[in-house]
2 protein chains.
Amino acid sequence: MEASIQQVARIAGTTSRTLRHYDAIGLLPPTRIGHQGYRFYDRDALVRLQQILLLRELGLGLETIREVLDAADDPVPALRRHLSWLDAEAARLERLRTTVERTITTLEEGGDLMAEEMLDGFDHTRYKDEVVERWGKDAYATSDAWWRGMSEAERADWKTASTTLAADWTAAAQERVDPASERAQALAARHVAWLGSIPGTPGYGTAPVKEYVLGLGEMYVADPRFAKNYGGEQGAAFVRDALARYAELHL
Amino acid sequence: MEASIQQVARIAGTTSRTLRHYDAIGLLPPTRIGHQGYRFYDRDALVRLQQILLLRELGLGLETIREVLDAADDPVPALRRHLSWLDAEAARLERLRTTVERTITTLEEGGDLMAEEMLDGFDHTRYKDEVVERWGKDAYATSDAWWRGMSEAERADWKTASTTLAADWTAAAQERVDPASERAQALAARHVAWLGSIPGTPGYGTAPVKEYVLGLGEMYVADPRFAKNYGGEQGAAFVRDALARYAELHL
DNA sequence: CTAGAAGTTGACGTTACGTCAAGGTCAAGG
DNA sequence: CCTTGACCTTGACGTAACGTCAACTTCTAG
């Protein structure tokens, strides 16, 4: 039993264009090609098409589908991989959601789009809840007061310094420097000194508390808002590793 | 203060290619272009770039970003729209997850990829839990026994009949027929008769129970596994409406 | 003066088709 | 026999947001 391209498309609930596409990429060649060039499909082809469409609905790419079907492989491992991909995507969306909501809140409280950026170097304010929970209300209140007490010019200077630091981190990370190298450790020293200059930091006046530094490092990696200051997740991981080593040796 | 394309890219944590792209699509033209064709950006451009990147991280498209920034519009509505898009995406992923898991289960229980398709017309087995809960263990057991008792040939015939019915529904839906029209109601009659021919269906022997038919209609729409048999959500909604009307008038 | 770093403009590749465009094939009806 | 209409064909462009050469020019430091 043979069917034309249009008939097959209707039966399977897709379009003739899709079938031509699958032919073009070699995923589903027609059973027979008439002297006029018309494509004809038999029952086996229809079965394969159904499998393709099934897998496609699960969200797999055509290339993956081809591998699964052609290898006559057990499709379960591929499906499991796909499952974890779905999970990763869901997690990403959830993070986006959180960020968007936070941005909306910021805007509605009177901030402009840049208000978020302006605080880039001043991580605490954006993590009020976490900071309060982990380091106490006083730490937050102190640094908050310090921040609010600065003049515009002072803030600008301070921001420049922190931006420069972040840029240097990013550059080092992009050059794939070893976190244990002198260069990275020098940056870590600057970073720690910078942290120590912020009133409210645990250990302010002497040197920041080791656990505080380690915790910050993790936060840089875990949260995209921080991570982006250091060149994404990779960069943040580099910062975290360098800071961790520095903290172990010197704090 | 001016900076070259490369410098700006590093500061903002992006690439020069991206900046050229933004120039090309008119999203962020450079402040000045040197006699050599080099692009130079000033502080304002950098601010705009930061805003662009911020919005981009939230998942907005460049076109949307342009609208938000150029209209000097309140970005909150756009962000809210984006938020609901994110929600829809999350829901979609969740559905996919469920389906993939179900497929894995099916495969591990010894079914092949087609086992899922083979049961297309025989909805009950795929909804064992729901069916049992709503219509009782007996209904499920009866229809299951009936299905297993058929020969391959009988199943093939039966499948053909149900496939044809689904195809007819799909065609009618695509032609935007009115669910109350004669054609749609004739299909509904066939559908109800078909349901009535399945042992285990509530009302088997006489006519299917009205609530059962209505419930099925909702399930067709709600679950993509059913919906696809009738040409997607739109098609399933058509089937549901036609069935609902038929059930009200005749059951 | 010359290497190397950085800049430029094309242009193709990516995903899975949708959507014309231009034209050949086939069955039915006048 | 001719037309109409349905169905088929092969291109080829468009999509989102750049990555990645390629080929060439310009700037900067030794």
Side-chain angles (χ1 to χ4, degrees), chain A residues 2-41 45 49 52-69 82 85 89 92 96 171 174-175 231-232 234, chain B residues 2-41 45 49 52-69 82 85 89 92 96 171 174-175 232:
Chain A
E2 261 181 354
S4 74
I5 194 169
Q6 197 76 244
Q7 293 171 327
V8 171
R10 262 198 299 266
I11 292 172
T14 183
T15 70
S16 59
R17 177 66 180 90
T18 298
L19 291 175
R20 271 193 286 276
H21 182 58
Y22 291 170
D23 182 16
I25 65 175
L27 179 59
L28 180 68
T31 314
R32 185 175 72 82
I33 296 190
H35 60 85
Q36 350 82 326
Y38 285 21
R39 295 172 176 79
F40 293 99
Y41 299 83
L49 175 58
I52 292 171
L53 295 178
L54 168 65
L55 262 5
R56 194 190 61 171
E57 273 167 41
L58 302 186
L60 280 76
L62 297 186
E63 202 47 49
T64 311
I65 293 177
R66 188 218 308 280
E67 287 164 23
V68 170
L69 293 184
H82 185 55
W85 182 83
E89 269 298 291
R92 197 178 64 85
L96 278 185
Q174 279 177 353
E175 292 169 34
Q234 316 241 347
Chain B
E2 259 180 355
S4 74
I5 195 170
Q6 198 76 245
Q7 294 172 328
V8 171
R10 263 198 299 266
I11 292 172
T14 182
T15 69
S16 57
R17 176 68 178 89
T18 298
L19 291 175
R20 261 182 241 111
H21 182 58
Y22 291 171
D23 181 16
I25 64 175
L27 179 59
L28 179 68
T31 314
R32 185 175 73 80
I33 295 190
H35 60 86
Q36 351 81 326
Y38 285 22
R39 294 171 175 81
F40 294 99
Y41 299 82
L49 175 57
I52 292 171
L53 295 178
L54 169 65
L55 261 7
R56 194 190 61 172
E57 274 168 39
L58 303 186
L60 280 77
L62 297 185
E63 203 45 50
T64 312
I65 293 177
R66 188 216 312 279
E67 286 165 23
V68 170
L69 292 184
H82 185 53
W85 182 83
E89 269 297 291
R92 199 177 63 85
L96 277 185
Q174 279 176 355
E175 292 169 35

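Each chain gets a letter, A, B and so on, in the order the sequences are listed, and its residues count up from 1. Because the structure is predicted, anything quoted here is derived from the model rather than measured.
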Protein and nucleotides 5-9 of chain D: nitrogen or oxygen contacts under 3.5 angstrom:
{"unit_1": "D/dC8", "atom_1": "OP1", "unit_2": "A/S4", "atom_2": "OG", "d": "2.8"}
{"unit_1": "D/dC8", "atom_1": "OP1", "unit_2": "A/Q6", "atom_2": "N", "d": "3.1"}
{"unit_1": "D/dC8", "atom_1": "OP2", "unit_2": "A/Q6", "atom_2": "NE2", "d": "2.5"}
{"unit_1": "D/dT9", "atom_1": "OP1", "unit_2": "A/R39", "atom_2": "N", "d": "3.0"}
{"unit_1": "D/dT9", "atom_1": "OP1", "unit_2": "A/R39", "atom_2": "NH1", "d": "2.8"}
{"unit_1": "D/dT9", "atom_1": "OP2", "unit_2": "A/R20", "atom_2": "NH1", "d": "2.5"}
{"unit_1": "D/dT9", "atom_1": "O5'", "unit_2": "A/R39", "atom_2": "NH1", "d": "3.4"}

Please list, pair by pair, any protein nitrogen or oxygen found under 3.5 Å from a nitrogen or oxygen in nucleotides 21-23 of chain D.
none

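Rotation axes derived from the C1' atoms of the five outermost pairs at either end of the helix from C/dC1-D/dG30 to C/dG30-D/dC1 lie 40° apart, to the nearest 10°.
Per the geometry, CG belonging to B/L55 stands 16 Å off C1' belonging to D/dA17, to the nearest Å. What separates CH2 of B/W85 from P of D/dA16 is a distance of 13 Å, to the nearest Å. Going from atom CG of B/L19 over to atom P of D/dA17 covers 15 Å, rounded to whole Å.
Here the shortest heavy-atom pairing between A/I33 and A/P30 reads CG1-CG, 4.0 Å. In terms of heavy-atom proximity, A/R56 sits nearest to A/T18 at NH1-CG2, 4.3 Å. In plain terms, the two heavy atoms of A/T31 and A/A45 that are nearest each other are OG1-CB, 3.8 Å. Contact between A/L19 and A/I5 at its shortest, heavy atoms only, is CD1-O, 3.4 Å. For the residue pair B/A9 and B/S16, the shortest heavy atom distance occurs at CB-N, 3.7 Å.
Residues that satisfy the side chain to side chain contact (heavy atoms under 4.5 Å, CB included) test with A/R66, not counting sequence neighbours, are A/L27, A/E63, A/D70. Qualifying side-chain hydrogen bond (donor to acceptor under 3.5 Å, both in side chains) partners for A/R17, counting only residues two or more places apart in sequence or in other chains: none.
Side-chain N/O atoms of B/T15 include one lying less than 4.0 angstrom from OP1 or OP2 on D/dG19. Between B/H35 and D/dC27 there is a side-chain N or O to OP1 or OP2 distance below 4.0 Å.
Between the OG1 atom of A/T15 and the CD atom of A/Q6 there is a distance of 8.5 Å, given to the nearest 0.5 Å. Distance check, rounded to the nearest 0.5 Å: CH2 of A/W85 to CG of B/L96 gives 8.5 Å. For the atom pair OH (A/Y22) and CD1 (A/I52), the distance works out to 6.5 Å, reported to the nearest 0.5 Å. Distance CG/A/L69 to CG/A/L28: 10.0 Å, rounded to 0.5 Å.
Note on ring orientation: taking the six-membered ring where Trp is involved, the planes of A/Y38 and A/F40 are tilted (angle from 30° to 60°).
Among the heavy atoms of the strands lying under 4.0 Å from B/G61 are primed sugar atoms or P, OP1, OP2 only; no base atom is included. Among the atoms of the strands shown, none is found under 4.0 Å from any heavy atom of A/F40.
The nucleotide range of DNA chain C contacted by chain A, defined by atoms under 4.0 angstrom from heavy atoms of the protein and reported 5' to 3', is C/dA16 to C/dC26.
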Side chain to side chain contact (heavy atoms under 4.5 Å, CB included) between A/R39 and A/V8, intermediate numbers included:
CA-CA 10 Å; A/R39 295 172 176 79; A/V8 171; over 6 Å; no
